[in-house]
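So the structure is just underneath, and the comments pick up after that.
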2 protein chains.
Amino acid sequence: MNQTIVPNGGPKLRLVEAAEKLFAEKGFEAVSVRDITKEAGANVAAVNYHFGSRDGLVVAVMSRYLTPVNQERLAELDKAERNASGVPVLEEVLDAYVRPLVAHVGRSELSEKLYCKLVGRIFGEQGVEVPNDIQNQTRNLIERFTRAMGKALPNYTQEELIWRLHFIAGGLIHLLTHTDFLYRVAAPACGTPTVETTIERFIQFAADGLRSGLEAVEGEEEGEPKKKIPQATFNF
Amino acid sequence: MNQTIVPNGGPKLRLVEAAEKLFAEKGFEAVSVRDITKEAGANVAAVNYHFGSRDGLVVAVMSRYLTPVNQERLAELDKAERNASGVPVLEEVLDAYVRPLVAHVGRSELSEKLYCKLVGRIFGEQGVEVPNDIQNQTRNLIERFTRAMGKALPNYTQEELIWRLHFIAGGLIHLLTHTDFLYRVAAPACGTPTVETTIERFIQFAADGLRSGLEAVEGEEEGEPKKKIPQATFNF
DNA sequence: GTCTATAAAGTGATAGAC
DNA sequence: GTCTATCACTTTATAGAC
């Protein structure tokens, strides 16, 4: 069942797995071809032979996670929509968005923490130019999820839903990539919840943030604007 | 009034401003000393002369924003707490956390978009080792803000509040660094709201996410657990 | 498919002239 | 303080032997 996340065996796989480990630890830009081939016990020329270039290997690593995770997100969304009698449960929609990111953690050679870091880096990456295929995938994902969210929250505009999904995506990526920093800086006050507990917490937070914000945003022009700090009028 | 964000003039300032522009565009790791000195119209040796090393310049750029922004966050939090009769308004606490990040945008030589990218990268950075001073600053910031949030939301545990602040920090950093991607992939459905509108939206989202989530999290053991996808039992 | 050797360019840093 | 020249490496990538 697991082919999408594991290419054909042999040295090519060893290179991918070595690259994953190092990318997770140090980021995509801080790892050289030599680091990777050394970690994999392969020759320096192996990366260029098997993947054409360093960038080819980066794209291979990203694709190995991006596509299956997004497919599973859509599959879980389908389930949530079929379960529902017209109106899907918001928490189930969010579950379908969040959980596939960590669902395959046990199948990886990486430790749980490194797996999370890698997935976070992949979904949060901006430097590397990924194939158009991936961009279309993301476009479709946003479309599908905001539509499902819109059924659960019929008073929201499409625009509003996209921005709130954007906030959610950010919280999620940050969770995957920066939680070691939280432990380092806020321990022991933040406790040591399992990933499961943290995901439940996150979904609850996101669901509540989505559910009751509409009136306030629409009524914003009626209240007097807060003027504590000069307001920023440009666009992002 | 602006000294903290502008060091003494001359070539040192030109170097910092050139570095900021390039770091904002490409990230801290993707810019060489030669790129920076070329952009600044300075000699290749200038960075090492003025900052000791490339890392010294990186730390200088980060400190120039980190410290003033965090100071302003605390000052605004003080105001919000003084305004309140014991219980601060949650939205004002969040405002104090969010708005200082973009409050100084007009004072920078950078375009608004690049300014946001830079600030997002600075607050989202993980590779570069920042001085202990900064780590203590962050610790203090978490402590102060979760305490204020706790007054507005007296039923939450400290642990719960830390995690929710963590989610909020992530959404915010993502907003600063990845919104160009959102425009690229979701336009025109996401509209072109001003930063002001987006911040209002974000604060509303975060406030709602904070306000009504408690019962569900505490009652989680009573409901039957969702078993759609295998649960993850490890810690982050 | 795997190796060595090497090309060609880029890296941060510094000694020493001015 | 600013410059040139240069050191000592590291980088990706490839040609060609095996």
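Note on naming: letters A, B, ... go to the chains in the order of the sequence lines (proteins, then strands), and numbering restarts at 1 for each one. In this text the structure is predicted, and so the values were computed from the model without any measurement.
Residue A/Phe202 forms a ring pair (Phe, Tyr, Trp, His ring centres under 6.0 Å) with just one option from B/Phe236, B/Phe167, B/Trp163, and that option is B/Phe167. Under the side chain to side chain contact (heavy atoms under 4.5 Å, CB included) rule, A/Phe123 has a single partner from A/Thr138, A/Thr177, A/Val69, A/Leu118, which is A/Val69.
Judged by distance alone, with hydrogens and angles left aside, the side-chain atoms of B/Arg14 form no donor-acceptor pair with the main-chain N or O of B/Ala42 at under 3.5 Å. Remark: side-chain polar atoms of B/Asp35 are paired, donor with acceptor, to backbone N or O of B/Ser32 under 3.5 angstrom. The main-chain N or O of B/Pro193 is never found under 3.5 Å from a side-chain atom of B/Thr197 such that the two would form a donor-acceptor pair. Remark: the backbone N or O of A/Val31 is paired with a side-chain donor or acceptor of A/Arg54 at under 3.5 angstrom.
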Short heteroatom pairs, N/O only, protein and nucleotides 16-18 of chain D, under 3.5 Å:
none

Could you pull out the protein-nucleic contacts involving nucleotides 3-10 of chain D (nitrogen or oxygen on both sides, under 3.5 Å)?
unit_1	atom_1	unit_2	atom_2	d
D/dT4	OP2	B/Asn43	ND2	3.3

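Listed by chain and number, the residues in a salt bridge (charged side-chain N to carboxylate O under 4.0 Å, His left out) with B/Arg121 amount to none (sequence neighbours excluded). By the salt bridge (charged side-chain N to carboxylate O under 4.0 Å, His left out) test, A/Glu29 pairs with no residue at all, sequence neighbours left out. A/Phe234 meets the side-chain contact (heavy atoms from CB on, under 4.5 Å) test with A/Ala232, B/Val105, B/Glu112, B/Cys116, B/Val195; sequence neighbours excluded. Every side-chain contact (heavy atoms from CB on, under 4.5 Å) that B/Ala19 has, sequence neighbours left out, goes to B/Phe23, B/Ile36, B/Leu57, B/Val61. Under the salt bridge (charged side-chain N to carboxylate O under 4.0 Å, His left out) criterion, B/Arg147 pairs with B/Glu143, not counting sequence neighbours. Take B/Ala60 and apply the side-chain contact (heavy atoms from CB on, under 4.5 Å) test, not counting sequence neighbours, and it matches B/Phe51.
Note on the helix from C/dG1-D/dC18 to C/dC18-D/dG1: terminal axis deviation equals 0°, with five pairs used at each end and the result rounded to 10°.
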Could you walk me through whether A/Arg73 and A/Asp78 pass salt bridge (charged side-chain N to carboxylate O under 4.0 Å, His left out), step by step?
CA-CA 9 Å; A/Arg73 282 168 153 180; A/Asp78 281 340; over 6 Å; no
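Non-hydrogen atoms lying under 4.0 Å from DNA chain C are contributed by B/Asn48, B/Ser53, B/Arg54, all within residues 46-58 of chain B. Near DNA chain D, meaning a heavy atom under 4.0 Å away, there are no residues from residues 22-30 of chain A.
Place B/Pro11 and A/Val31 on DNA chain D by their nearest nucleotides, and B/Pro11 ends up nearer the 5' end.
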N/O donor to acceptor pairs below 3.5 angstrom from side-chain atoms of residues 178-187 of chain A, sequence neighbours left out:
unit_1	atom_1	unit_2	atom_2	d
A/His178	NE2	B/Gly124	O	2.5
A/Thr179	OG1	A/Leu175	O	2.4
A/Thr179	OG1	B/His166	NE2	3.1
A/Asp180	OD2	A/Lys117	NZ	3.0

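Residue B/Tyr65 comes nearest to B/Ser108 through the heavy atom pair OH-OG, 4.3 Å, listed as atom of the first residue, atom of the second, then distance.
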